[in-house]
Number of protein chains: 2
Amino acid sequence: MIAPVRPAPPPDCPLERYLHIVSGAWVPRILWYLRFGPRRFGDLRRDLGSISTKILTAKLRTLEEERMVVRTELLVSERQRQVEYALTERGLAFEPVFEAMEQASRRLTELDLLEAREAGAES
Amino acid sequence: MIAPVRPAPPPDCPLERYLHIVSGAWVPRILWYLRFGPRRFGDLRRDLGSISTKILTAKLRTLEEERMVVRTELLVSERQRQVEYALTERGLAFEPVFEAMEQASRRLTELDLLEAREAGAES
DNA sequence: CTGTATCCTTTTAGATACTG
DNA sequence: CAGTATCTAAAAGGATACAG
């Protein structure tokens, strides 16, 4: 039997369950900032820098629906509100992904440096 | 000195180098399918199922610019063209991320099952 | 087979003002 | 403080036709 010219097609992409939730520019960042413990609405807003309240609310709502985060309303006083967002067990399931992303980011920066050095040496 | 009411803010999000490249619905999937070795344009199109040629081309171009993939034109005959896309060393840097995503996806499915079982048991 | 080109729709996000 | 409402802009994606 002769080896096939083309390799067998790869298995179906099993990333859907993840990508369905984490796609978009903001969600990964939101989840990343929640890794360090519960954070309030305003905290996240500051963490993320340039996000509009509309988007932040929307993303937090869908993350809630997916049960990746829980929203807890803390009643501090009659006139003041505090709302805290925290990762659920499901949210925690993505921890290793973010760790890997961080590592990959670092690796890329490393490759950038190596390359810059080579470019400098050859001139 | 009294302990601060609010914990210190988390460090700056170090995911940018990654997110800059991999955001969007298609890029993660493209990279995932390239993990198993070089693939041709048409292969990827079939792998991805519903992608339009326009988007596939566009994504492959930017991945090329970022040097995550290399494009190799194989001249088979005068009239036939074959183009192969493969991960570069940079592209390989994202492998652990995809592995973590797969694991996370599995974990989520597991949690779904556990929950469904509990819901069944309590009725 | 590997794309371009064009047009159109959907999604995502930003700005700003306003509420309890 | 934690949002909602509204309007607008930009980005991403899809459909289809066509070219080398």
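Here the structure is a predicted model, which is why all the values come from computation and not from measurement. Chain letters run A, B, ... following the sequence lines, proteins first and then strands; every chain starts at 1.
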Axis-to-axis angle for the helix from C/dC1-D/dG20 to C/dG20-D/dC1, ends of five pairs each, to 10°, equals 50°

If you restrict it to nitrogen or oxygen atoms, what contacts under 3.5 Å exist between nucleotides 6-11 of chain D and the protein, and what is each distance?
{"from": "D/dC7", "atom 1": "N4", "to": "A/Lys54", "atom 2": "NZ", "distance (Å)": "3.2"}

Residues at least two apart in sequence or cross-chain that pass side-chain hydrogen bond (donor to acceptor under 3.5 Å, both in side chains) with A/Arg107, listed by chain then number, are A/Glu110, B/Glu89

Those residues at least two apart in sequence (or on a different chain) that pass side-chain hydrogen bond (donor to acceptor under 3.5 Å, both in side chains) with A/Arg29 are B/Glu16

Those residues at least two apart in sequence (or on a different chain) that pass side-chain hydrogen bond (donor to acceptor under 3.5 Å, both in side chains) with B/Gln103 are none

Contacts of B/Arg46 meeting side-chain hydrogen bond (donor to acceptor under 3.5 Å, both in side chains) (sequence neighbours excluded), chain-then-number -> B/Asp43

Residues pairing under salt bridge (Lys or Arg N to Asp or Glu O under 4.0 Å) where one sits in residues 65-77 of chain B, two or more places apart or in two chains, turn out to be A/Glu115-B/Arg67, B/Arg71-B/Glu73, B/Glu73-B/Arg81

B/Ser23 meets the side-chain contact (heavy atoms from CB on, under 4.5 Å) criterion, sequence neighbours left out, with none

By side-chain contact (heavy atoms from CB on, under 4.5 Å), B/Pro28 pairs with (sequence neighbours left out) A/Leu19, B/Val22, B/Phe98

Under a 4.0 Å heavy-atom criterion, DNA chain C is touched by chain B from C/dC1 to C/dC7

Sorted by chain and number, sequence neighbours left out, side-chain contact (heavy atoms from CB on, under 4.5 Å) with B/Thr88 holds for B/Val70, B/Arg90

Residues in residues 57-74 of chain A with a heavy atom under 4.0 Å of DNA chain C, by number, are A/Lys59

